[in-house]
Protein chains: 2
Amino acid sequence: MLPSRAELESAAARLAGQVRRTPVLDVHGDELGVPARVVLKLELTQHTGSFKARGALNSVLSLPEGTTGVAAASGGNHGAALAWAAGHAGIAADVFVPSTSPQEKVDRIRGYGATAHVVEGYYPQAAEAARAFVDSHPVEMVHAYDQRTITCGAATLGLEIAQQVQAADHVLVACGGGGLFSGTALALRDQVPVVPVEPERCANLAAARAAGEPVEIEVGGVAADSLGSSTVGRYAFAVSTELDLPPVLVDDDAIVAARRWLWQRCRVLAEPGAATPLAALMTGAVAVRPGEVVVVVVSGGNNPSIP
Amino acid sequence: MLPSRAELESAAARLAGQVRRTPVLDVHGDELGVPARVVLKLELTQHTGSFKARGALNSVLSLPEGTTGVAAASGGNHGAALAWAAGHAGIAADVFVPSTSPQEKVDRIRGYGATAHVVEGYYPQAAEAARAFVDSHPVEMVHAYDQRTITCGAATLGLEIAQQVQAADHVLVACGGGGLFSGTALALRDQVPVVPVEPERCANLAAARAAGEPVEIEVGGVAADSLGSSTVGRYAFAVSTELDLPPVLVDDDAIVAARRWLWQRCRVLAEPGAATPLAALMTGAVAVRPGEVVVVVVSGGNNPSIP
C-alpha cells in the first residue's frame with residue numbers, strides 16, 4: 001500500500017533538473033546547545049519557496065493522458081506550488097482560495113499563471129467549490145498532502161538528503177498534513193529515522209496516534225498557516241505507525257525562538273512552520289547523543305515577517 | 001606584494017572549521033534570462049551574516065603574540081564581524097560606531113560581546129576615535145577592507161568556490177572597499193576571471209582605474225550602506241590592474257530588481273550591496289555565452305527590509 005522504493009525513484013527521475021536541488025548548511029551544534037553536527041536542509045530556496053513544488057510537479061507530470069488541467073483548494077503553499085507546476089508543464093490550473101486568505105497569496109498564484117478563484121468563506125467552502133469545478137471540467141484535483149504522487153514527490157527531498165549528508169542519525173521534519181513527513185520517511189526507510197515534529201496546537205498526528213486513526217482536531221497557533229491541517233493524511237498516519245515514527249511536539253514559544261535563531265544566526269528567513277523541527281532540537285524534545293549528525297529540514301519561507 | 005597562493009592557503013587552514021562553508025544554490029539561467037547555468041554562493045549564511053567574518057577572524061588569528069585586543073571604526077558588517085571574531089578567539093574588541101548608525105547595529109556589536117563606543121558624528125570621527133584608542137592601548141586596528149589579512153581571509157571564499165563549482169566561466173562579486181574582490185580574484189587567479197561589480201553611485205574602483213590610483217569619491221544610492229567606501233582599497237586596485245579585471249557598473253534600479261528576484265524566486269534576503277553582482281548578470285552588463293557557468297556571490301544579508 002505504501003509507495004515502494006522504485007516509485008520514489010521514478011519520482012526523482014521525473015523531477016530531475018526541474019526542481020532545485022536545495023543546498024545544505026552545516027552549523028556547529030554548540031551554537032544550538034546540542035553536542036551534534038547539525039545540517040540545515042534549505043528547502044525554502046525551492047521553487048515557490050517551499051517543498052510543495054516537488055509534490056505538485058510530480059502530481060502534474062503523473063496525470064492521465066489527456067488531462068487538460070488541475071485544480072485545488074488552497075490559500076497557501078500548495079496553491080502557489082500547483083500554479084507553478086502547471087505553468088511549468090504547460091497546463092491550466094484553477095486554484096480555489098478562501099476569501100480569508102491575504103491578497104498577496106492570491107496575487108502569487110496568479111503570478112505563476114494560474115486562475116485564482118476567491119471563494120466567500122473559509123477552507124471548506126473553497127474545497128467545495130474546487131470539487132464542483134472538477135466535477136464539471138476535464139481536470140484533476142491535486143490534494144495538498146494526502147495523495148500518492150504528493151508523497152512520492154516529497155520523497156525526492158529525502159533522497160537528496162541521503163546523497164548530501166553521510167551517516168545522518170536523525171532527520172527532523174515539520175508535520176502538518178504529513179506530505180513531507182511521509183515522503184522523507186519512506187525515502188530514508190531503513191537508513192535514518194525521520195522524526196515528524198508538530199506544534200502542540202496543530203498536533204493532528206499525535207491525535208491520530210492516540211485515537212488509532214486520523215481524527216479531526218481544532219488547530220491554531222503561530223504555525224497554523226502552513227501546518228494547520230485539521231486531519232493528518234492517511235499516508236502520514238500509515239508511515240508513522242508502520243515505521244514506528246511517533247511525533248514529537250513543540251510549543252509556540254519554541255517555534256518562535258527557533259525561527260529567530262535561523263534569522264539572527266544564519267540569515268535564513270523561515271516561515272514559522274518550517275522552524276518547528278529546529279525547535280524540537282533546541283528544546284531537547286529530540287534527544288541527541290554526542291557526535292551524532294542531525295539533519296533539520298527548513299521546508300518553507302513564505303510568511304516573511306522578520307522576527 | 002600581492003599575497004601568494006601559499007598565504008591564501010594558510011588562511012584557509014587557519015579558518016577551517018571556524019567559519020562556515022557556505023552553500024551554493026544552482027538556478028537555471030533561463031529563470032534570469034541568460035543562457036547559462038547560474039550558481040548562487042549563499043555567503044549571507046556566514047557567521048555575522050556576511051563574508052566579513054572570514055577576514056575578521058583571519059586578522060584576529062594572525063595578531064602578534066601578546067596582543068590583548070582589536071579595534072575598528074565601523075557601523076556595519078565589519079564591526080559585527082570583528083566583534084564576533086574577537087569573541088570567538090577570546091580577546092577584546094572595541095568598535096567605534098558613528099552616532100548616525102542605527103541602534104540595531106550597535107546592539108548587534110554588543111551582542112557578540114564587544115564594546116561599542118558611539119562617537120558623535122560620521123565615519124571620519126569614529127575612525128579618529130578608533131585611532132586615538134589604538135595609540136593608547138595594547139590593541140591592533142583591523143581595517144574594514146584594505147589589509148593583507150582581510151584579503152587573505154576573503155580569499156577563502158574563492159577557494160571554496162573552486163571546490164564547489166567545477167568549470168566556472170565567470171565569478172561575479174560586489175566591490176565596495178574591495179576586500180571580497182581582491183581575495184576571491186587572487187584565490188581564483190589563472191582559473192576563472194572574477195568580475196568586480198560596482199553600483200554606479202559607489203564606483204570607487206572605476207574612478208581609481210580612470211585616475212590611475214585610488215581616489216576619493218562621493219558615494220550614495222541603495223547599496224551605500226555596505227559598498228559605500230569613499231576610496232577603493234590598495235589591494236583591490238592592484239588586483240584589478242595587475243590581473244586585468246576592470247569593474248562592471250550597475251544602476252540602483254537594477255540592484256533593486258536583482259534583490260527582489262532573489263527574494264521572490266529563491267527566498268534569499270540579500271542586502272542591496274549583495275544583490276549587485278546578480279544585477280550585472282540580469283542587465284547583461286556581464287555578457288554570458290550559451291552553456292557557460294556563472295557563479296554569483298551573495299555576500300551578505302544585513303539590511304533586512306523585505307523587497
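These values consider heavy atoms only, across backbone and side chains, with no hydrogens, waters or symmetry-generated copies.
A:Arg21 places none of its side-chain heavy atoms less than 4.5 Å from the side chain of B:Asp26.
For CD of B:Gln103, the number of neighbouring non-hydrogen atoms (other residues, nucleotides, ligands) closer than 6.0 Å is greater than 12.
Residues from residues 164-172 of chain B never place a non-hydrogen atom less than 4.5 Å from a non-hydrogen atom of chain A.
In this structure, CZ in B:Arg265 is found 10.0 Å from OG1 in A:Thr48, a value given to the nearest 0.5 Å. Taking CD of A:Gln264 as the start and CZ of B:Arg108 as the end, the distance is 7.5 Å to the nearest 0.5 Å. With rounding to the nearest 0.5 angstrom, the NE2 atom of B:His28 is 7.5 Å from the CD atom of A:Gln18. Atom-to-atom distance recorded for B:Thr22:OG1 and A:Leu25:CG is 8.0 Å, nearest 0.5 angstrom.
Looking only at heavy-atom pairs under 4.5 Å with chain A, the residue among B:Thr45, B:Leu40, B:Val27 that has the most is B:Thr45. Of the listed residues (B:Gly49, B:Ala270, B:Pro23, B:Ser305), the one with the most heavy-atom contacts under 4.5 Å to chain A is B:Pro23.
Using a 4.5 Å cut-off between heavy atoms, B:Val24 touches chain A through its backbone atoms (N, CA, C, O) alone. Proximity to chain B is limited to the side chain of A:Leu42, based on heavy atoms less than 4.5 angstrom apart.
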task: Start with the C-alpha gap between A:Arg267 and B:Asn302, add the side-chain angles, then the distance that decides, and say whether side-chain contact (heavy atoms from CB on, under 4.5 Å) holds.
output: CA-CA 8 Å; A:Arg267 289 296 184 245; B:Asn302 291 331; 2.8 Å; yes
side-chain contact (heavy atoms from CB on, under 4.5 Å) between A:Leu269 and B:Ile306, worked out: CA-CA 10 Å; A:Leu269 190 50; B:Ile306 290 175; 4.0 Å; yes
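Between A:Glu31 and B:Arg20 a salt bridge is recorded (basic side-chain N to carboxylate O distance below 4.0 Å).
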